[in-house]
Amino acid sequence: MKYVMSDYVYKASEQDIEIYKVTGNKSVCICSLSYEESVSGVVTRDYCDSHREKFGKSKITVNYCKNIFPKEYSLYFFNFNSKLALLKFEPDEAFTKYMNEKITAAISSKERAESDDE
């Protein structure tokens, strides 16, 4: 069995989050999610455990943690093909704050657009 050391790089832009898998000199975008598909902001595992009824059970779970068994990680719930999905990853505090600001703005914008259509 061959083990290859790889890392994940998280990139938050104005409209979406991208996750890159880095192995040696290669970098491949393996995930790109629009903030408009957000069901929640980025929350800690402890917060999610204490508010489980608010989030529900995800149908899809993807794990992009940098460490194999991290003690602390964050969760992000989003819609994927009309199914509740969960992203498990390890962003730092500044990244989480920025991403939550963008998620809040995207959800507000989406709600305004839907109310204008009615």
F95: partners by ring-ring contact (aromatic ring centres under 6.0 Å, His included), with sequence neighbours left out: none
Using the ring-ring contact (aromatic ring centres under 6.0 Å, His included) criterion, which residues pair with Y8? Sequence neighbours excluded. Y64
Can you list everything that forms a side chain to side chain donor-acceptor pair (under 3.5 Å) with T61? Sequence neighbours excluded, please. S58
N/O donor-acceptor pairs under 3.5 Å from side chains in residues 99-106, not counting sequence neighbours:
unit_1, atom_1, unit_2, atom_2, d
N100, OD1, V42, N, 2.6
N100, ND2, V42, O, 3.3
N100, ND2, T96, O, 3.4
K102, NZ, E14, OE1, 2.9
K102, NZ, E14, OE2, 3.3
T104, OG1, N100, O, 2.9

Supply the atom-to-atom distance C29 SG to K11 NZ, rounded to the nearest 0.5 angstrom. 8.5 Å
Give a yes or no on whether I17 and V9 share a hydrophobic cluster (residues Ile, Leu, Val, Met, Phe, Trp, Tyr; joining criterion: side-chain heavy atoms under 4.5 Å apart). no
With sequence neighbours excluded, what pairs up with S13 under the side chain to side chain donor-acceptor pair (under 3.5 Å) test? D16
Give me each pair satisfying ring pair (Phe, Tyr, Trp, His ring centres under 6.0 Å) with a member in residues 14-48, each pair once, sequence neighbours excluded. Y47-H51
Report the distance from atom NZ of K21 to atom OG of S27, rounding to the nearest 0.5 Å. 11.5 Å
For residues 69-90, dump all side-chain donor-acceptor pairs below 3.5 Å to protein atoms at least two apart in sequence or in another chain.
unit_1, atom_1, unit_2, atom_2, d
Y76, OH, S38, OG, 2.5
E90, OE1, K66, N, 2.5
E90, OE1, N67, N, 2.9
E90, OE2, N67, ND2, 3.1

According to salt bridge (charged side-chain N to carboxylate O under 4.0 Å, His left out), who are the partners of D49, at least two apart in sequence or on a separate chain? R52
On a heavy-atom basis, the closest approach of C65 and Y10 is CA-OH, 4.0 Å
Could you tell me the separation between the CZ atom of R45 and the OG atom of S50, rounded to the nearest 0.5 Å? 11.5 Å
